[in-house]
Number of protein chains: 2
Amino acid sequence: MSATIKDIAKKVGVAPSTVSRVLANKSKYYNLETAEKVKRAAQELGYKKNQAAVELVKQHSNVIAAVVSSVKTNFAGEILDGIKDEASRHGYDLIIVYSNSADSKEQERALLTVIERPVLGVLLLSIALSENNLNLLKDSEIPYCFLSMGFDDNRPFVSSDDIEIGYKATKLLIENGHRNIGLAGIDMYPYTGRLRLDGYKKALQEIDVDPKDSWIQSGDYSYISGENAMSNYGKNTELTGIVCVSDMVAIGVLNQARNFGFKVPDDLSIVSIDGTEMCKIVQPQLTSISQDFYKMGIKGVQQITDNIGDKNQQFVSIHIEERESVKFIK
Amino acid sequence: MSATIKDIAKKVGVAPSTVSRVLANKSKYYNLETAEKVKRAAQELGYKKNQAAVELVKQHSNVIAAVVSSVKTNFAGEILDGIKDEASRHGYDLIIVYSNSADSKEQERALLTVIERPVLGVLLLSIALSENNLNLLKDSEIPYCFLSMGFDDNRPFVSSDDIEIGYKATKLLIENGHRNIGLAGIDMYPYTGRLRLDGYKKALQEIDVDPKDSWIQSGDYSYISGENAMSNYGKNTELTGIVCVSDMVAIGVLNQARNFGFKVPDDLSIVSIDGTEMCKIVQPQLTSISQDFYKMGIKGVQQITDNIGDKNQQFVSIHIEERESVKFIK
DNA sequence: TTGAAAGCGCTAACAT
DNA sequence: ATGTTAGCGCTTTCAA
């Protein structure tokens, strides 16, 4: 075992409490000479704080926990960057646990590995928590916040306004002359999906078009969902534009469209939702409704940290990035 | 504060140690009736283990720590999946910390947040540790292992054989009739890059071609490195095939080549290194030398876990995946 | 400015 | 099968 505070105390000839004060930098409470000696001794002995001991006595730590889903969400990185930056600005550490959204047992393990320690708070990155696991989290009395996911109950979250996303994406196509517009990859269970669908319908309603059922293809935000959606539309589709619920879905649609012999955007326009780097590495580059994932991370740590109290359901703004996948028609 | 073992003990009317035994499932050492009562009480009180206390007394935990670099390595997910699966097979938990490879101060924070707790071991996912931080890790006496990165000293690692990667990638092009072959995106500092370069040169040497300096374009495994490399080759390049050191580099090369008016693979062949999903979502799909990242994760936890002792530098096998970006010429 | 002492929640001998 | 006790490494009163 490595050196403890006692070893240092013995070596220097002071009490453990003095060492503790020095190492915790409680200046005013020690003089510089002893401090020097203590620090040197710590150095020499290769002292390393035992956080388990610290947390046990303090009953809290300065670590923030992030729970991410193991499904390949390519925006998780941006959120994490935001969390990390804001956390380190306040001197908090960040630990991440990895959970398969689908498996509630695995989800519980992930959750427990963080809430069994006195973490400052937990941030959930587009994780659909099971009923039980949500209760587990609530009962722990640790502050938490969902990121990139909204809810209709009173759970704290920071996300984009998904109605607005659906609306703006569709509207963008409409403004470019499109009327037969599909919605690809939406998943109906989470609130997010339903909201985007609402936005989509609202925009279409404004120009008096009533979307056929076949225009709305469900999926799970994955590449393959995109391919499937486009396959279902078929090579003779009446659609001239498609709203895709994620960048990966958009790429799936793009490739399958290409397999059908479509040229994008000449034969078919695509607008993607998310706006990650992926949009820029495909050809044509994808026009997108971009979310500010980085800021979600920042606001997330503020929320579990500041105890702002009431304003615990926040939206971050979205913006349109016009690239090359939308064409003006007619 | 939430309920402790003592609260349960009091409620049930037994000693704390009994509660501990029941909750730790040390069967044989308690009878079923008390066990029942204890468990029910724990349930009712919403008891949650305090891991800080457990770790303090046990001086070890069952958590494995993974350090990942915040640069967008798209294969980290696959390694993590391997780690997670193997870890949970043994009942270990996994926590991940996020570190910017470039900033040694940030790297230290990340490292400290895990080695200040009694973790089982730490896995470093393509992290170039600074001298100091490596010593920090060594001094902690916690088992560690580098993943997806080899070294010429005695550090434990599991990675692919990078000479073989460079060699096979180049050889594949040679077998398809190419002689003027570039190497794009290599970074010379880490051992990995030099090794791949060696493999590349070796393959070329076998057919008596001496690569010009301009054929070898350095970079940092990123998309932009790929674009730059191709820009430097120019639209009148003599190259007919290019080995790219990562999928992202390959995509950068692909897009820039397309900007020059090249058709891939008709005018230019590309072989990528890594073989992540990225290879399949671009058109044409990229032929790759694929690494078995998932297995690296598995072997990594075995290594820090088994104390296999000697065999602490392991390779996992690579394989060629022929897709659509290489054309037979002449 | 420093020391002594208590205690955080838990486990692991050792008794019984 | 269960209780008693000591102690993990640290922080924090309280006294000096």
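Here is the naming used below: chain letters follow the sequence lines, and residue numbers restart at 1 for every chain.
A:Asp81 places no side-chain N or O within donor-acceptor distance of the main-chain N or O of A:Lys84, the cut-off being under 3.5 Å. In this structure, the side chain of B:His60 engages the main chain of B:Lys58 through a donor-acceptor pair within 3.5 Å. Panel note: side chain A:Gln107, backbone A:Ala128; a donor-acceptor pair is recorded below 3.5 Å. A donor-acceptor pair is defined here as one N or O able to donate and one able to accept, closer than 3.5 Å; no such pair exists between the side chain of B:Ser88 and the backbone of B:Gly91.
Note on A:Gln59: a side-chain N or O is less than 4.0 Å away from OP1 or OP2 of C:dG9.
To the nearest angstrom, P of D:dA1 lies 15 Å from NZ of B:Lys37. Rounded to whole angstrom, the span from the CD atom of A:Glu116 across to the C1' atom of C:dC10 amounts to 13 Å. In this structure, the CG atom of B:Leu56 is 9 Å from the C1' atom of C:dC8, given to the nearest Å. Atoms CG (B:Asp7) and P (C:dC8) sit 11 Å apart, rounded to a whole Å.
Between atom CD of residue A:Gln302 and atom NZ of residue A:Lys299 there is a gap of 7.5 Å, rounded to the nearest 0.5 Å.
The residues A:Asp103 and A:Lys105 are annotated as not salt-bridged, no charged nitrogen and carboxylate oxygen being separated by less than 4.0 angstrom.
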Polar pairs (N or O, both sides) under 3.5 Å between protein and nucleotides 10-16 of chain D?
from   : atom 1 : to      : atom 2 : distance (Å)
D:dC10 : OP1    : A:Tyr47 : OH     : 2.4
D:dC10 : OP2    : A:Ile5  : N      : 2.5
D:dT11 : OP2    : A:Ser20 : OG     : 2.6

